[in-house]
There are 2 protein chains.
Amino acid sequence: MSEERAELLKGTLDMLILKIAALGPIHGYGIAQRIQQISRDFFQLQQGSLYPALHRLEDRGWLKAEWKVTETGREGKFYSLTRKGRKQLQSEVENWKKLTGAVALILRTAE
Amino acid sequence: MSEERAELLKGTLDMLILKIAALGPIHGYGIAQRIQQISRDFFQLQQGSLYPALHRLEDRGWLKAEWKVTETGREGKFYSLTRKGRKQLQSEVENWKKLTGAVALILRTAE
DNA sequence: GGCGTATAGGTAGAATAGCGAGGTATTATG
DNA sequence: CATAATACCTCGCTATTCTACCTATACGCC
């Protein structure tokens with residue numbers, strides 16, 4: 001019954017991954033670490049969510065991947081945004097702002 | 001290919017319904033209308049989402065329902081928050097703030 | 001040398017949410 | 001009398017996320 005569950009990300013995952021990848025080529029494992037660090041441990045991205053998401057984004061033509069060697073000397077799949085991915089990120093951010101704005105309107109409603 | 005799709009609510013639906021119901025007993029159809037109005041048409045709650053959600057919230061003991069007659073003279077199922085529902089709403093709002101805060105941190109990250 | 005941990009990749013199956021499409025019935029309006 | 005709006009509902013599909021697994025390599029430590 002201990003409620004220490006790892007906080008989940010409701011549909012924002014794609015946007016967050018695209019945003020991190022937009023900062024420069026980065027491998028999957030690194031994306032998860034970055035998201036966790038920047039969010040101050042709020043988001044704890046599971047590998048079972050991470051990798052399927054990366055493949056999904058690649059399939060949709062928003063990310064492209066390239067195998068390279070990391071600083072730590074192992075093989076890693078480095079992802080970067082395509083032009084389509086950059087557009088997608090823009091539109092997702094825009095929609096996110098509208099959505100949070102709409103939610104705020106409702107939450108602000110007084111009794 | 002016209003992109004006039006009805007905007008969706010990513011996991012915020014329960015919170016929004018609870019919030020509207022917290023304003024006073026209201027029937028399902030009215031909840032959908034209110035959400036749409038207050039959000040300035042951003043959220044267009046479909047009935048196929050609405051009613052299953054209401055039943056879900058009732059099953060979990062967050063809403064209680066009562067049949068009454070509406071102002072327009074028909075039968076309607078009026079929902080109001082239980083004590084548990086009030087707690088749930090509080091915690092969902094709190095979590096929502098944390099989540100949007102965490103997302104903001106990541107989106108704010110400069111190139 | 002051997003062991004554990006962190007790093008790096010992945011899959012499979014289950015649960016869940018939301019949506020589209022369909023249905024019923026009543027009241028109001030032209 | 002037909003249509004729109006109100007009010008309730010269900011079924012089946014899809015997409016997303018999670019849990020639980022699996023593999024392999026590099027590094028530090030005993």
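Both backbone and side-chain heavy atoms feed into the values below; hydrogens, waters and symmetry mates do not. Residue numbers begin at 1 in each chain, while the letters A, B, ... track the order of the sequences.
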Quiz item: B:Gln47 side-chain donor-acceptor pair to D:dC8 base, under 3.5 Å: yes
Earlier contact from the 5' end, DNA chain D, for A:Pro52 and B:Tyr29: B:Tyr29
In one Ile/Leu/Val/Met/Phe/Trp/Tyr side-chain cluster, 4.5 Å: B:Ile20, B:Phe78: no
Could you tell me the separation between the [atom1] atom of [X] and the [atom2] atom of [N], rounded to a whole number of Å?
X	N	atom1	atom2	value
B:Arg74	C:dA28	CZ	P	7 Å
A:Asp59	D:dA15	CG	C1'	14 Å
B:Trp67	D:dC9	CH2	C1'	9 Å
B:Asp14	C:dT16	CG	C1'	11 Å
B:Tyr51	D:dT10	OH	P	11 Å
A:Glu58	C:dG9	CD	P	12 Å
B:Phe43	C:dG18	CZ	C1'	13 Å
A:Leu54	D:dT16	CG	C1'	14 Å

Phosphate OP1/OP2 of [N] contacted by [X] side-chain N/O (<4.0 Å):
X	N	answer
A:Arg56	D:dA15	no
A:Lys10	C:dA17	no
B:His55	D:dT10	yes
B:Thr72	C:dA28	no

Touch check for [X], heavy atoms < 4.0 angstrom, all strands: base, sugar-phosphate only, or nothing?
X	value
A:Gln33	sugar-phosphate
A:Gly30	nothing
A:Gly48	base

Close side-chain approach of A:Trp62 to A:Leu89, heavy-atom, < 4.5 Å: no
Heavy-atom check, side chain of A:Leu45 versus side chain of A:Leu13, under 4.5 Å: yes
Could you go through residues 22-38 of chain B and list every donor-acceptor pair under 3.5 Å that involves a side-chain atom there, pairing it with any protein atom two or more places apart or in another chain?
{"from": "B:Gln36", "atom 1": "NE2", "to": "B:Asp41", "atom 2": "OD1", "distance (Å)": "3.2"}

DNA chain C: 5'-proximal contact among B:Gly73 and A:Gly73 (nearest heavy atom): A:Gly73
Proximal nucleotide (of D:dC9, C:dG18, C:dG10) relative to the A:Lys77 side chain: C:dG10
Heavy-atom closest contact (A:Ile106 atom, B:Ser39 atom, distance): CD1-CB, 4.1 Å
